[in-house]
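This report refers to the structure that appears directly beneath it.
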Protein chains: 2
Amino acid sequence: MPEPLTTDPIAEARRQWEEHGWHDAAGGMAAVTAIMRTQQILLSRIEGVLKHFGLTFARYELLTLLSFTRSGALPMAKASARLQVHPTSVTNAVDRLERAGLVRRMGHPTDGRTTLVEITAEGRQTVLSATTELNAAVFTDPGFTPNELDELNTMLGRYRRGAGDFIDHEATPGA
Amino acid sequence: MPEPLTTDPIAEARRQWEEHGWHDAAGGMAAVTAIMRTQQILLSRIEGVLKHFGLTFARYELLTLLSFTRSGALPMAKASARLQVHPTSVTNAVDRLERAGLVRRMGHPTDGRTTLVEITAEGRQTVLSATTELNAAVFTDPGFTPNELDELNTMLGRYRRGAGDFIDHEATPGA
DNA sequence: TATTGTTATACTCTATAACTATA
DNA sequence: TATAGTTATAGAGTATAACAATA
């Protein structure tokens, strides 16, 4: 990685936006770019931890989802919908996880078309260890104050709902 | 894309975190996951616009950076540092942009090692059109209130500085 | 005819290592 | 010896299209 910058590149971009007269868009541009960059930093921290377990964030999320299920199994399409990723991404993730022995493919008992993904005992063990380390290394102190976390959860929850990410009754994620 | 969810998957994950006794990490997990997801939504909106210009977000950012330079040119390493991406990513982006006629590679006048990237007239035209459309379609109304934008800029600016993203004197990006 | 999932293909960005050329 | 950049290679996620099997 390169040397540290001596000035905030996003603040600098915002200044340029203002100079070009794009006042209405400057704040939005800065916030959107900041979200992009923050995601990058967080993802890099997370994947640094998950690497120890041979997992990527996408595969970790799939394992976590399965581990929270009563039966430990889910149809591929359900996993795709819940994780909000493309079906081929699930196929790919399951391929890798299956090769690692963390999940297993099974036929559906009544619908011959659907494939069930089931987490294995080893998968449960792995996701538990990974979560423990992730919680300690990132989630317990992600770099925001408790107050900021509440604001983020409220604000982004509202944003995601507005973007059609989910149809919710009225529950507010924050607090 | 799959059918819309009837419940917020992040709120659901948070509930599971609480149930497992991971109270200290639940809020951080939810906020971090929300940032990830929000980034995905925003990026998809942005790339939907940039597609009309044959650009990706990474290439758009490079073009924008060059267009804000006095001379319209920058050494590869400088671009890498400013955009906070890997040198090979810059090489790749410049390859594509050069093939599209939007930038041009030039030798450095005094240092034979460095390559300068210069934006072409067509590149300037393209980045201006793209910015106009991006501002209208996304940045002017990104889905957050002006107040929320300020909070995001302040909060994420502080976060990025804390993460060592840049060494700033004291300037606060928000407001 | 519609749905589920896989395969093939392709295109991102990212990262490491090996290499050339220059300072 | 250190720096700048390219190349080769590999891996990740994402996406479209074609296809098989089943409902």
Side-chain angles (χ1 to χ4, degrees), chain A residues 1-3 36-37 39-41 43-48 50-51 53-62 73-100 103-118, chain B residues 1-3 36-37 39-48 50-51 54-62 73-100 103-118:
Chain A
M1 299 289 177
E3 72 255 23
M36 302 283 197
R37 180 62 190 155
Q39 185 267 352
Q40 229 171 359
I41 296 169
L43 183 60
S44 144
R45 288 178 60 189
I46 289 172
E47 304 226 291
L50 293 179
K51 185 165 49 181
F53 303 92
L55 294 175
T56 63
F57 189 53
R59 294 181 214 162
Y60 169 76
E61 282 195 298
L62 177 52
L74 226 49
M76 299 288 282
K78 273 278 195 306
S80 170
R82 274 295 303 267
L83 298 174
Q84 309 184 274
V85 299
H86 200 273
T88 55
S89 298
V90 177
T91 296
N92 185 284
V94 170
D95 283 350
R96 315 287 185 136
L97 289 171
E98 193 167 34
R99 240 175 284 161
V103 305
R104 163 175 49 232
R105 262 181 250 247
M106 299 186 329
H108 187 101
T110 69
D111 189 334
R113 294 171 303 181
T114 104
T115 302
L116 292 176
V117 209
E118 186 186 43
Chain B
M1 300 288 179
E3 74 256 21
M36 302 284 197
R37 179 62 189 155
Q39 185 267 352
Q40 229 172 358
I41 296 169
L42 288 169
L43 182 60
S44 144
R45 287 178 61 189
I46 289 172
E47 304 226 291
L50 292 180
K51 185 165 50 180
L55 293 175
T56 63
F57 189 52
R59 293 181 214 162
Y60 169 76
E61 283 196 298
L62 178 53
L74 227 49
M76 300 287 281
K78 273 279 195 305
S80 170
R82 274 295 304 268
L83 298 173
Q84 308 184 277
V85 299
H86 199 274
T88 56
S89 299
V90 177
T91 296
N92 185 283
V94 171
D95 283 350
R96 314 288 185 139
L97 289 171
E98 193 167 33
R99 239 175 287 161
V103 304
R104 162 176 48 231
R105 262 180 249 244
M106 298 186 329
H108 187 101
T110 68
D111 189 333
R113 296 172 302 181
T114 103
T115 302
L116 292 176
V117 208
E118 185 185 44

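Below, chain A is the first sequence line, B the second, and so on; all start at residue 1. Just the heavy atoms: all of them, side chains too, but no hydrogens, waters or symmetry mates, feed the values below.
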**Request:** Identify the residue among A:R45, A:Q40, A:Q39 that makes a side chain to side chain contact (heavy atoms under 4.5 Å, CB included) with A:L43.
**Result:** A:Q39

**Message:** Walk along nucleotides 16-23 of chain C from 5' to 3' and tag each nucleotide B, S or - by protein heavy-atom contact under 4.0 Å, base first, then sugar-phosphate.
**Reply:** B-----BS

**Item:** Closest-nucleotide ordering on DNA chain D, the 5'-leading residue of B:T114 and A:S89
**Value:** B:T114

**Asked** To the nearest angstrom, how far is A:N92 atom CG from C:dA10 atom P?
**Response** 17 Å

**Request:** Any pair with a residue in residues 83-92 of chain B that passes salt bridge (charged side-chain N to carboxylate O under 4.0 Å, His left out), sequence neighbours left out, goes on the list, sorted by first then second residue, please.
**Result:** none

**Any residue meeting side chain to side chain contact (heavy atoms under 4.5 Å, CB included) with B:R113, in chain and number order, not counting sequence neighbours** = B:D111

**Asked** How would you label the contact of B:E47 with the nucleic acid (heavy atoms, under 4.0 Å): base, sugar-phosphate, or nothing?
**Response** nothing

**Request:** Tell me, please, which residues at least two apart from A:A73 pass side chain to side chain contact (heavy atoms under 4.5 Å, CB included).
**Result:** A:S71, A:E118

**Request:** Specify the separation, in whole Å, of atom CG of B:L116 and atom P of D:dG5.
**Result:** 8 Å

**Request:** Note down the inter-axis angle between the two ends of the helix from C:dT1-D:dA23 to C:dA23-D:dT1, five pairs each, to the nearest 10°.
**Result:** 10°

**Asked** How close or far is atom P of C:dT12 from atom CD1 of B:I46, stated in whole angstroms?
**Response** 17 Å

**Request:** Check each of B:K78, B:M76, B:R104, B:M106 against B:V117 using the side chain to side chain contact (heavy atoms under 4.5 Å, CB included) test, and report the only one that passes.
**Result:** B:M76

**Item:** Partner residues of A:T110 under the side chain to side chain donor-acceptor pair (under 3.5 Å) criterion, sequence neighbours left out
**Value:** A:H108

**Protein-nucleotide distance (A:L62, atom CG; D:dA12, atom P), rounded to Å** = 15 Å

**Prompt:** Which residues pass the side chain to side chain donor-acceptor pair (under 3.5 Å) test with B:T88, sequence neighbours left out?
**Reply:** B:H86

**Asked** Using a cut-off of less than 4.0 Å, is there contact between a side-chain N or O of A:T115 and OP1 or OP2 of C:dT4?
**Response** no

**Separation of C:dC13 P from B:Y60 OH (nearest whole Å)** = 15 Å

**Fill in**
Applying salt bridge (Lys or Arg N to Asp or Glu O under 4.0 Å) to B:R37 and not counting sequence neighbours gives A:D165

**Item:** Nucleotide C:dT12, atom P - distance to CG of B:L55 in whole Å
**Value:** 11 Å

**Item:** With B:E61 via side chain to side chain contact (heavy atoms under 4.5 Å, CB included) - residues at least two apart
**Value:** A:T33, B:F57, B:L83

**Fill in**
To the nearest angstrom, the CZ-P distance between B:R105 and D:dA4 comes to 16 Å

**side chain to side chain contact (heavy atoms under 4.5 Å, CB included) involving B:E98 - partner list, sequence neighbours excluded** = B:V103, B:R105

Could you list the protein-to-nucleotides 9-11 of chain D atom pairs, N/O on both sides, closer than 3.5 Å?
none

**Prompt:** Side-chain contact, heavy-atom cut-off 4.5 Å: B:T56 with B:R96?
**Reply:** no

**Prompt:** Under 4.0 Å between a side-chain N/O of B:T56 and OP1 or OP2 of C:dC11, yes or no?
**Reply:** no

**Message:** By nearest heavy atom, map A:D95 and A:Q40 onto DNA chain C; which one lands nearer the 5' end?
**Reply:** A:D95

**A:Q84 CD - D:dT14 C1' separation (whole Å)** = 15 Å

**Asked** Hey, what do you get for CD1 (A:I46) to CD1 (A:I41), rounding to the nearest 0.5 Å?
**Response** 12.0 Å

